[in-house]
Amino acid sequence: MELDYYKSMKQKHESIIKTIAHIPEGKVASYGQIADLAGLPGRARLVGKVLKETDVVLPWHRILRSSGELAFPRYSEMATKQKRLLEKEGVVVNKTRVRLADFQWQPSMADMIFLLEG
DNA sequence: CATCTGACCTAAT
DNA sequence: GATTAGGCCAGAT
């Protein structure tokens, strides 16, 4: 895997976007998990930045903090929206948190291979 | 060039 | 659980 410092910013963004797009419906992932899968260990912050800036349509609502908390301020407009989108696909949100043990995405070998290509 | 900011994370307390 | 400290680093100031 070609990772981190061998990648240009553009490549990093592409890896992150590709990874996020691969999160299945009804599952969630943390910023750090996405960074790891994208070959960018320790770059959780970059995932947030890309998500915030990109125009690409992505399942942004499936990204949570490592604690399972929604990524936005409690009861903010965005948090409410995220909660609604998650519940619509079967993810249980207690107040402002999801039980990762129940809904975190566990990438299959096929997922890993797909993410490694390109 | 220096500092600050931030859809974050882990480890330690 | 909560808090603190340190890590991360591109882009804005």
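Worth knowing before you read on, the calculation uses all heavy atoms, side chains too, and leaves out hydrogens, waters and symmetry mates.
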Check: residues 51-61 of chain A side-chain donor-acceptor pairs under 3.5 Å, at least two apart:
{"from": "Thr54(A)", "atom 1": "OG1", "to": "Val56(A)", "atom 2": "N", "distance (Å)": "3.1"}
{"from": "His61(A)", "atom 1": "NE2", "to": "Glu89(A)", "atom 2": "OE1", "distance (Å)": "3.0"}

To the nearest angstrom, how far is [X] atom [atom1] from [N] atom [atom2]?
{"X": "Arg65(A)", "N": "dA7(B)", "atom1": "CZ", "atom2": "P", "value": "9 Å"}
{"X": "Phe72(A)", "N": "dG6(B)", "atom1": "CZ", "atom2": "P", "value": "14 Å"}
{"X": "Ile20(A)", "N": "dC8(B)", "atom1": "CD1", "atom2": "C1'", "value": "13 Å"}
{"X": "Tyr31(A)", "N": "dC9(C)", "atom1": "OH", "atom2": "C1'", "value": "17 Å"}
{"X": "Tyr75(A)", "N": "dA7(B)", "atom1": "OH", "atom2": "P", "value": "20 Å"}
{"X": "Leu37(A)", "N": "dC9(B)", "atom1": "CG", "atom2": "C1'", "value": "15 Å"}
{"X": "Glu69(A)", "N": "dC8(B)", "atom1": "CD", "atom2": "P", "value": "12 Å"}
{"X": "Leu40(A)", "N": "dC8(B)", "atom1": "CG", "atom2": "P", "value": "17 Å"}

Exercise. Can any side-chain N or O of Thr19(A) pair as donor or acceptor with the backbone N or O of Ser15(A) at less than 3.5 Å?
Worked result: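 Yes; at least one donor-acceptor contact below 3.5 Å.
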Problem set entry | Sidechain-backbone polar pair: Asp36(A) side chain, Gln33(A) backbone, donor-acceptor under 3.5 Å |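 Side chain of Asp36(A) to backbone of Gln33(A), a donor-acceptor pair under 3.5 Å: no, none is there.
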Listed pairs, N/O of protein and of nucleotides 10-12 of chain B, under 3.5 Å:
{"from": "dT10(B)", "atom 1": "OP2", "to": "Ser66(A)", "atom 2": "OG", "distance (Å)": "3.4"}

Test salt bridge (charged side-chain N to carboxylate O under 4.0 Å, His left out) applied to [X] - qualifying residues, sequence neighbours left out:
{"X": "Lys27(A)", "result": "none"}
{"X": "Lys83(A)", "result": "Glu87(A)"}
{"X": "Glu69(A)", "result": "Arg74(A), Arg97(A)"}
{"X": "Asp102(A)", "result": "Arg99(A)"}

For this session: Only counting residues at least two apart or in another chain, list the ones meeting side chain to side chain donor-acceptor pair (under 3.5 Å) with Ser67(A).
Result: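 With neighbours one apart ignored, the set is empty.
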For this session: Give the other cluster members for Phe103(A), using side-chain heavy-atom distances under 4.5 Å between Ile, Leu, Val, Met, Phe, Trp and Tyr residues; answer none if it is isolated.
Result: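 Taking Ile, Leu, Val, Met, Phe, Trp and Tyr as members, Phe103(A) shares its hydrophobic cluster with Val28(A), Leu64(A), Leu70(A), Leu86(A), Val91(A), Val92(A), Val93(A), Val98(A), Leu100(A).
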Problem set entry | Hydrophobic cluster (4.5 angstrom, side-chain heavy atoms) - remaining members for Tyr75(A) |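 Direct or chained contacts put Tyr75(A) with none.
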Exercise. Of all of residues 43-58 of chain A, which get a heavy atom below 4.0 angstrom from DNA chain B, listed by number?
Worked result: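 DNA chain B contact set from residues 43-58 of chain A: Ala44(A), Arg45(A), Gly48(A), Lys49(A), Leu51(A), Lys52(A).
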Problem set entry | Interface residues of residues 78-95 of chain A with DNA chain B (non-hydrogen, below 4.0 angstrom) |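 Residues of residues 78-95 of chain A that come under 4.0 Å of DNA chain B do not exist, since none gets that close.
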Problem set entry | Inter-nucleotide C1' distance (dA5(C), dA7(B)), Å rounded |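 Between the two C1' atoms, the distance is 22 Å.
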Problem set entry | side-chain contact (heavy atoms from CB on, under 4.5 Å) against Met9(A), all qualifying residues, sequence neighbours excluded |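 Listed in chain order: Lys12(A), His13(A), Leu46(A).
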